[in-house]
Structure formats: C-alpha cells, structure tokens
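Quick notes on the structure that follows.
Quick caveat, the model's predicted, so the values are computed rather than measured.
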Amino acid sequence: AFDEELAVAKKLHDQGKAEQGKMLKAIAKGLPVDLKIPKEFTEQLVGSIDRNPNALMCLSKIREKDSYLLEHSLNVAILLANFAKYLDMAEEEVQELALAGFLHDVGKIKIPDDILHKPGRLTDPEMNIMRDHVYHGICTLEEMELPEHIIRTMSEHHERLDGYGYPEGLRGDEISLYGRMIAIVDTYDAITADRVYKAGMPSQKALKILMGDSPKMYDLELVQKFVKCVGIYPVGSLVQLSNEHIGMVTKQNESSPLNPRVKVFYSARNSNYLPIKNVDLSTSQIKVTKGVMPSDFGINFNRFFQEQIAV
C-alpha cells in the first residue's frame, strides 16, 4: 500500500541523500569510493519501486533548498528506474540505470563552488569549466571500476540528438538507448527543481519543453513514453481542483489520466489546511483545473509533508 511504503521510502530517500553526501566528500578529498555502497543502495531503491513505485516518485518532489546536487542525482535514479520499469526492461537493466542515475553528476564536486552555485548566468569560460563535470565524472567512475556501459550512460547525459550536446557532440544513433533515457530524465528533474538561479517549473511545463525539443534534441518516441510513465499530473505533484482545494497526486488512473487519485489537504479559497482526505477523481464530480506549485499559495509543503503525510 502507498501509505505503508511511503514510510519505508522516506527512510530510503534520507539514506540516499546521506550516501550521496558521503560519496561526494570522499571524491572531493581524492579518497577511494567503495562501489558496493551505491550499488546496494540502488538495489534497495529498485526494491521499493517494485513494491510501490508511487512512494519514491512522491518523495522525488520533496525538495530542500541548497540540497540540489544530492537530491537531483537521487531523483534521476528514481525516475530512471521507474522509466525502465515502464518500458518493461529486464531487472538487471533497471538496476544498472538506477546506479547510473545515482552516480551521473559525481563530477560536479570537482567544479569550483563559485561556478557550481552561481546565482546568475554563467559566462562562456565558466560554462566550459562546468561542462568538464562530465569528464571528471568519467574519471571517477573509471577509478571505481564501474562497467563500461554504465560509464557510457553517465557520460551521455548532456548529449543531444542534433549533435549540439556535450562533451563529445554525439549525434543520433551515436547516443545509446540508456544515454537517450538519462538525457530526458536529467532535463525533466532539472527543470522542475528550484535552483540558485531559478524557481522550479510545474511538471506539465517540463514535459511540454521536452516535447517541444523533440525530435531535434531528444528521442521523440522515448519522450512520449516518459510522459505516459510519469503522467500529466505526476505522483507527488500538486493540483488545484474545481472546488478550489489543493491536493497531492498519489496515483495515476491509467484509464483516466486527467483524473488521478489525490490527497486533498489545503483550501486555496480560505488559505488554510484541511483534514487530509483521499479522493479518487475518476469517480468524483470534482476535477483538476491545473497543476500548481506550493509557492503559488505560500505553502511550506515540505514541512507539512514531513509532519502530516510521511509519518
């Protein structure tokens, strides 16, 4: 059940951020990293997704300010594993993609903080330094003795089908299936996240951007499948309903994608929290009017989530 798995997934999510933090500190100091630790963690991650994919998908929407690097890699692992499952890939491939997602940005720890956390637009020379995070990542994963195809996946997360990606400027079929998948997921999570230089966008906007940039930059068939995988109103995202209540999406209704299941918890009209209520919109007169962000209503959703939902 969703509520039962949510408690397990919450611990796993916290553990993932802690493991990512420890690993990045070790890499920054030039210390060796034991591959067994991220491998075992991503196996647990996939186990939770097997039991109930919605719990971790929900947690991928709970973000803390200043934790982008830790959360982004964890979210990419969660989203990639979900996507691989949706595509009916073999269990071994799901595990490999989760691991590649979890490790894909380790090279960023080698980028100077003033560039990595710069609140404004990067200059061209700064952008060149930032792009080197892929090379730093490749070197780190080679030292960790990861299989070559997993290193390749990580190395392709900024490549684009039109050849204008980096670091190699690969085109079309030169980019692997895993590389095409991680490019989509990495972009989606980056667009929806709050960053030092921009506020996160709603999931619907991110999916629209991905569709608009396909097939030029992204694999159109894969993007279409990703949209179906996460849903028009992804699990964990907030929606405004026709009665002016706000709810968090907890489950997709495959036969009725515009009418997910939600946990209603807030009144936009009265600006107050409501007793939590589970509603299946596919059997209700109430409908979704739009996807919204917590900041639209001044809701401290992270705190509310921790205190009232993930308990």
Heavy-atom neighbours of Lys11 NZ exceed 12 at 6.0 Å: no
Salt bridge flag under 4.0 Å for residues Asp3 and Lys263: yes
ILVMFWY cluster, Val8 and Phe2 together (side-chain gap under 4.5 Å): no
SB check Lys118 Asp114 (cutoff 4.0 Å): no
Evaluation steps, side chain to side chain contact (heavy atoms under 4.5 Å, CB included), between Val264 and Ile246: CA-CA 6 Å; Val264 176; Ile246 306 296; over 6 Å; no
Non-hydrogen side-chain atoms of Tyr233 and Val262 separated by less than 4.5 Å: no
Show me the donor-acceptor pairs within less than 3.5 Å that the side chains of residues 221-230 make with the rest of the protein, sequence neighbours left out.
| residue | atom | partner | partner atom | Å |
| --- | --- | --- | --- | --- |
| Glu221 | OE2 | Lys225 | NZ | 3.2 |

ILVMFWY network linking Tyr164 to Met127, side-chain heavy atoms under 4.5 angstrom: no
Ignoring hydrogens and angles, write down the donor-acceptor pairs under 3.5 Å from the side chains of residues 81-90, residues two or more places apart or on other chains.
| residue | atom | partner | partner atom | Å |
| --- | --- | --- | --- | --- |
| Asn82 | ND2 | Ile78 | O | 3.2 |
| Lys85 | NZ | Asp50 | OD1 | 2.5 |
| Lys85 | NZ | Glu91 | OE1 | 3.0 |

Charged N-O contact under 4.0 Å between Glu71 and Arg63: no
Ser267 and Tyr273, any side-chain heavy atoms less than 4.5 Å apart: no
Under 3.5 Å donor-acceptor, Ser256 side chain and Leu258 backbone: no
Under 3.5 Å: donor-acceptor pair, side chain of Gln44, backbone of Phe41: no
Lys287 NZ: over 12 foreign heavy atoms closer than 6.0 Å: yes
Salt bridge flag under 4.0 Å for residues Lys108 and Asp105: yes
Polar side chain donor-acceptor pair, His157 to Asp186, under 3.5 angstrom: no
Validation row: Val134, Tyr166 side chains within 4.5 angstrom (heavy atoms): yes
Could you list the donor-acceptor pairs under 3.5 angstrom formed by side chains in residues 139-148, with sequence neighbours left out?
| residue | atom | partner | partner atom | Å |
| --- | --- | --- | --- | --- |
| Thr140 | OG1 | His136 | O | 2.9 |

Atom of Arg269, atom of Asn243 and distance for their closest heavy-atom approach: NH2-O, 3.9 Å
Cluster companions of Ile175 among Ile, Leu, Val, Met, Phe, Trp, Tyr (side-chain spacing under 4.5 Å): Leu161, Leu170
Check: Ser73 and Tyr68 side chains under 4.5 Å, non-hydrogen atoms: no
Where Leu12 and Leu56 come nearest, the two heavy atoms and their spacing: CD2-CD1, 4.3 Å
Ser155 side chain to Tyr135 side chain, donor-acceptor N/O pair below 3.5 angstrom: no
Between CG on residue Asn128 and CD1 on residue Ile115, distance to nearest 0.5 Å: 10.0 Å
Met130 vs Glu126 side-chain heavy atoms within contact, under 4.5 Å: no
Derivation of the side chain to side chain contact (heavy atoms under 4.5 Å, CB included) call for Asn75 and His13: CA-CA 9 Å; Asn75 291 346; His13 198 264; 3.7 Å; yes
Nearest atoms (heavy-atom pairs only) where Gln252 meets Pro257: OE1-O, 4.4 Å
hydrophobic_cluster_shared for Leu69 and Ile138, side chain cutoff 4.5 Å: yes
Distance-minimising heavy-atom pair for Ala98 and Val46: CB-CG2, 3.9 Å
ILVMFWY cluster membership beyond Ile191 - transitive side-chain contacts under 4.5 angstrom: Met201, Ile209
Donor-acceptor contact present, side-chain Gln240 to main-chain Val292, <3.5 Å: no
More than 12 heavy atoms from other groups under 6.0 Å of CD on Glu4: no
Pair Thr187, Tyr218: side-chain N/O donor-acceptor within cut-off below 3.5 Å: yes
Test item: Leu210 and Tyr188 side chains (from C-beta on) under 4.5 Å apart, heavy atoms: yes
Please set out all donor-acceptor pairs under 3.5 angstrom arising from side-chain atoms of residues 25-39, sequence neighbours excluded.
| residue | atom | partner | partner atom | Å |
| --- | --- | --- | --- | --- |
| Asp34 | OD1 | Lys36 | N | 3.0 |

Glu159 side chain vs Glu168 backbone, donor-acceptor pair below 3.5 Å: yes
Worked check of side chain to side chain contact (heavy atoms under 4.5 Å, CB included) between Thr250 and Val235: CA-CA 5 Å; Thr250 57; Val235 169; 5.6 Å; no
Residue pair Ser176 / Glu156, side-chain donor-acceptor N/O under 3.5 Å: yes
Smallest separation among heavy atoms of Ala100 and Thr153, with atom names: CB-CG2, 3.8 Å
From OH (Tyr266) to CG (Leu274), nearest 0.5 Å: 9.0 Å
Met211 with Leu207, same ILVMFWY side-chain cluster at under 4.5 Å: yes
Heavy-atom side-chain contact between Pro294 and Asn300 under 4.5 Å: no
Ring-ring centroid check His158 His104, cutoff 6.0 Å: no
Verdict with supporting geometry, Leu80 and Tyr178, side chain to side chain contact (heavy atoms under 4.5 Å, CB included): CA-CA 9 Å; Leu80 259 183; Tyr178 283 13; over 6 Å; no
Neighbour count above 12 (heavy atom, 6.0 Å) for Asp173 CG: no
Gap between atom CD of Glu5 and atom SG of Cys58 - 0.5 Å precision: 12.0 Å
Common cluster, Met293/Val288, ILVMFWY with side-chain heavy-atom separation under 4.5 Å: no
Plane angle bin for Phe265 and Phe301 - parallel if under 30°, tilted between 30 and 60°, otherwise perpendicular: tilted
Non-hydrogen atoms of Met154 and Gly137 that approach each other most closely: CE-CA, 3.4 Å
With Arg261, the side-chain contact (heavy atoms from CB on, under 4.5 Å) member among Asn278, Leu281, Asn253: Asn253
Side chains of Ile109 and His133 in contact at under 4.5 Å (non-hydrogen atoms): no
